[in-house]
Amino acid sequence: MGLKSLTDDARSVARCYFPDAREVDAEPYGSGHINDSFRVVCVLDSGSRQLLLQRVNHSVFRRPELVMNNIKRVTQHIIAKLSEAGVVYEGRRALRMLSTANREPWFRSNNGSWWRAFDFVDGSVMVHEITPESVEAAGAAYGRFQSWLADYNGPPIEETIPRFHDTPHRLQQLEEAITDNPCRRVDEARIEIERVLELKELAGALARLENGHGLPRRVVHNDAKLDNVLFDEATGAALCVVDLDTVMPGTILYDFGDMVRSMSTPTVEDEEDFEKVGVQDSLFSALVRGYLSEANAFLTDVERNNLVRAGQVLTYELVIRFLADHLRGDAYFKVHKPQHNLIRTRSQLHLLETLLDREARLDEIVEHEVARLH
Ligand code: GN1
Ligand code: MG
């Protein structure tokens with residue numbers, strides 16, 4: 001469906017939340033690869049109300065109702081934590097999911113689409129520029145999010161996408177795509193395929209820690225990138241973590257690894273000038289500092305000692321996923337230009353090479369930042 005008619009749909013879905021709205025306006029919002037998001041303004045008699053309205057991609061999230069339940073449980077837990085800490089909830093430190101006028105937690109349209117709405121966080125912006133300041137603030141925001149959830153003991157948080165960060169499984173799916181070669185794209189990706197297969201050992205690194213070394217399973221975000229943090233437009237402070245669809249049981253290393261992947265290089269995920277792509281000490285140390293400022297208190301040694309490894313594995317995993325999707329004809333990630341997933345693969349592979357080459361230095365940075373806290 002075209003973006004225009006989808007935006008029209010968003011406008012009419014908003015009326016299921018606010019049937020009395022005098023006016024409804026909607027515009028596409030954000031740059032997610034999976035769901036479709038809209039910023040909606042509803043003009044009501046009592047004033048304007050801004051919403052973040054999203055159509056959930058239900059071929060990715062096959063049980064949207066479980067996703068919404070998870071989000072509800074997690075956000076309620078966080079709001080309770082804030083109130084324990086004496087913070088009056090004013091809608092900016094955690095998302096608040098809205099019910100439809102019929103008191104349903106989501107809206108299912110006649111064509112089978114799933115929609116849900118949140119209050120738009122007032123005065124919030126996304127920050128796309130990767131600087132030591134933005135990265136340190138985002139690292140702290142994810143650390144805080146995890147620490148709030150460290151004692152979560154409410155109703156179960158379901159695994160909504162099975163084996164989401166199971167890297168060996170992702171590798172197996174890639175190998176199948178190489179064998180099937182459904183779009184005849186294997187040849188153009190030969191060099192990348194060869195390198196990914198050479199690095200195979202890396203795939204099982206986190207799974208080995210979970211099985212033999214007591215790596216704890218917790219409730220984690222699972223998509224911890226800079227774009228999923230909202231910042232205060234006025235002060236630049238990180239307000240809250242969003243995009244909670246993949247909040248599921250997992251290890252904190254999934255989140256920290258994704259932070260390294262998305263915030264330790266100043267470049268975007270699909271940077272085509274590969275020479276610019278690579279981990280920078282100043283960004284990496286800012287990230288570790290921000291994250292540990294909130295997370296150090298609850299981390300175990302096995303978690304703390306594998307932060308660098310996590311960055312390598314999660315970057316490797318995304319290389320695998322982008323490459324597999326390229327070979328399968330771009331069925332999963334939204335693409336905006338020819339070979340987009342191959343470009344993403346190459347860019348992330350460049351980053352991975354630097355994370356591998358500079359491992360000893362990155363471990364030193366972690367040690368240094370841990371020592372500063374004692
Ligand atoms: C997807 O939807 P978005 O853009 O926040 C993907 C993540 C990837 C990310 C890469 C459900 O997240 O796993 O790390 O793209 N989400 C899903 O940018 O697959
Ligand atoms: Mg996401």
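Just so you know, ligand 1 is whichever comes first in the structure, and atom 1 is the first atom listed for that ligand.
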Could you list which atoms of ligand 1 come closer than 4.0 Å to a heavy atom of Glu269?
10 (C), 18 (O)
Sub-4.0 Å atoms of ligand 1 with respect to non-hydrogen atoms of Gly32:
4 (O)
Under the salt bridge (charged side-chain N to carboxylate O under 4.0 Å, His left out) rule, collect the residues that match up with Glu233, sequence neighbours excluded.
none
List the atom of Leu95, the atom of Asp243, and the distance in Å for their closest heavy-atom pair.
CD1-N, 4.5 Å
Who passes salt bridge (charged side-chain N to carboxylate O under 4.0 Å, His left out) against Asp363, sequence neighbours left out?
none
Which one holds for Asp245 and ligand 1: side chain close, backbone close, both close, or neither close, with close meaning a heavy atom under 4.0 Å?
neither
For ligand 1, is there an N or O atom under 3.5 Å from any N or O atom of Ser31?
no
Donor-acceptor side-chain pairing of His340 and Asp330 below 3.5 angstrom
no
Ranking Lys225, His33, Arg261 by closest non-hydrogen atom to atom 14 (O) of ligand 1, top hit is Arg261
Please state which part of Ile34 comes within less than 4.0 Å of ligand 1, counting heavy atoms only: side chain, backbone, both or neither.
both
At under 4.0 Å between heavy atoms, what of Asn222 touches ligand 1? The answer is neither
Parallel, tilted or perpendicular: which fits the ring planes of Trp106 and Trp114, with parallel below 30° and perpendicular above 60°?
tilted
Decide, yes or no, whether a salt bridge links Arg116 with Asp245 under the criterion of side-chain N to carboxylate O below 4.0 Å.
yes
Is there a polar contact between ligand 1 and Asp243, counting only N or O atoms under 3.5 Å apart?
yes
If the cut-off is 4.0 Å to any non-hydrogen atom of Phe61, which atoms of ligand 1 fall inside it?
11 (C)
Have a look at Tyr316 and tell me which of Leu356, Leu355, Leu171 forms a side chain to side chain contact (heavy atoms under 4.5 Å, CB included) with it.
Leu171
Would you say Tyr332 has any N or O atom under 3.5 Å from an N or O of ligand 1, going by distance alone?
yes
